[in-house]
Amino acid sequence: MAEKNRISRTVVVTSELGLHARPAAKVVHIASGFQSELKLRRIDARSGEADCRSVLAMLMLAACKGTELELSACGADASAALEAVASYFNRSFDEN
C-alpha cells in the first residue's frame, strides 16, 4: 500500500508488565480481523518496527511500561483497525 494512505497514532504501554506475550497475541488476534496492514514502531532512541500480525516481532520491540509507540495502519479499513488496536492499548491490555 502507498504511504500516502497510511494513518497513525501514538499509543503508550501502560501495563505494569509491558507488551508481553499475552497482549501481543491479542493484538495479533485483533489485527487479523482487518484487511489493513498494521505496524508498531518505537518512538524513542531505540529503533524497531513490528508487524501487528507477528507476536515475535512485537516482543522484539521490548516495550516496557511507559514506552511510546507509533501505531500505523494502511488499507481499506485502516481507521477501524487503528481504533481497535489503540483501544486495546488504552485499556491497558484489559489487565486492570
Side-chain angles (χ1 to χ4, degrees):
M1 295 276 159
E3 285 298 314
K4 67 179 182 173
N5 296 329
R6 185 167 296 279
I7 58 172
S8 64
R9 174 187 301 185
T10 299
V11 293
V12 179
V13 178
T14 57
S15 167
E16 290 294 327
L17 300 173
L19 179 56
H20 57 94
R22 189 192 60 75
K26 178 67 174 181
V27 170
V28 169
H29 178 74
I30 294 168
S32 296
F34 297 94
Q35 290 179 304
S36 294
E37 172 187 81
L38 285 155
K39 293 192 181 243
L40 283 170
R41 184 182 61 81
R42 285 188 72 111
I43 294 175
D44 60 14
R46 279 187 71 182
S47 63
E49 184 175 88
D51 184 331
C52 289
R53 288 190 173 92
S54 170
V55 171
L56 184 57
M58 284 186 282
L59 294 178
M60 296 296 291
L61 291 174
C64 59
K65 182 179 180 178
T67 302
E68 290 186 330
L69 301 167
E70 177 187 40
L71 172 64
S72 63
C74 183
D77 54 2
S79 183
L82 189 85
E83 183 57 39
V85 175
S87 174
Y88 184 59
F89 271 83
N90 291 340
R91 295 192 318 266
S92 193
F93 306 139
D94 297 332
E95 292 181 340
N96 295 333

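As the structure is a prediction and not an experimental result, all values here were calculated from the model. One-based numbering along the sequence shown. All values below come from the heavy atoms of this structure, side chains included, with hydrogens, waters and symmetry mates left out.
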For this session: Could you walk me through whether E83 and R9 pass salt bridge (Lys or Arg N to Asp or Glu O under 4.0 Å), step by step?
Result: CA-CA 9 Å; E83 183 57 39; R9 174 187 301 185; 3.0 Å; yes
For this session: Apply salt bridge (Lys or Arg N to Asp or Glu O under 4.0 Å) to R46 and D44, showing your working.
Result: CA-CA 5 Å; R46 279 187 71 182; D44 60 14; 6.0 Å; no
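Heavy-atom minimum distance, L38 versus A81: CD1-CB, 3.9 Å. Shortest non-hydrogen contact noted between E70 and S8 is OE2-OG, 3.2 Å. Nearest heavy-atom pair across S54 and A57 is OG-N, 3.1 Å.
Transitive grouping of hydrophobic side chains (ILVMFWY, heavy atoms separated by less than 4.5 Å) brings I7 and V11 into a common cluster.
Here the CZ atom belonging to F93 is positioned 7.0 Å from the NE2 atom belonging to H20, to the nearest 0.5 angstrom. To the nearest 0.5 Å, atom SG of residue C74 and atom CG of residue L82 are 11.5 Å apart. Atom CD of E68 sits about 10.5 Å away from atom CZ of R42, to the nearest 0.5 Å. Here the straight-line distance linking atom CG of L61 with atom CD of E49 works out to 9.0 Å at 0.5 Å rounding. Separating the CZ atom in R53 from the NZ atom in K39 is a distance of 10.5 Å, to the nearest 0.5 Å. Note that CG of L17 is 10.0 Å distant from NZ of K65, once rounded to the nearest 0.5 Å.
At least one side-chain heavy atom of R6 sits less than 4.5 Å from a side-chain heavy atom of E37. Considering only heavy atoms from C-beta on, L19 comes within 4.5 Å of L40 through its side chain. In this structure, E95 and P23 have side chains that are in contact, with non-hydrogen atoms separated by less than 4.5 Å.
When each of I30, V28, V27 is tested with C52 by the rule side chain to side chain contact (heavy atoms under 4.5 Å, CB included), just one qualifies, namely V27. Under the side chain to side chain contact (heavy atoms under 4.5 Å, CB included) test applied with F89, the options V12, T10, V13 reduce to a single match, V13.
Panel note: side chain S87, backbone A84; no donor-acceptor pair is recorded below 3.5 Å. Here the side chain of R41 pairs no donor or acceptor atom with the backbone of S72 at under 3.5 angstrom. With hydrogens and angles disregarded, a donor-acceptor distance shorter than 3.5 Å links the side chain of D77 to the backbone of S36.
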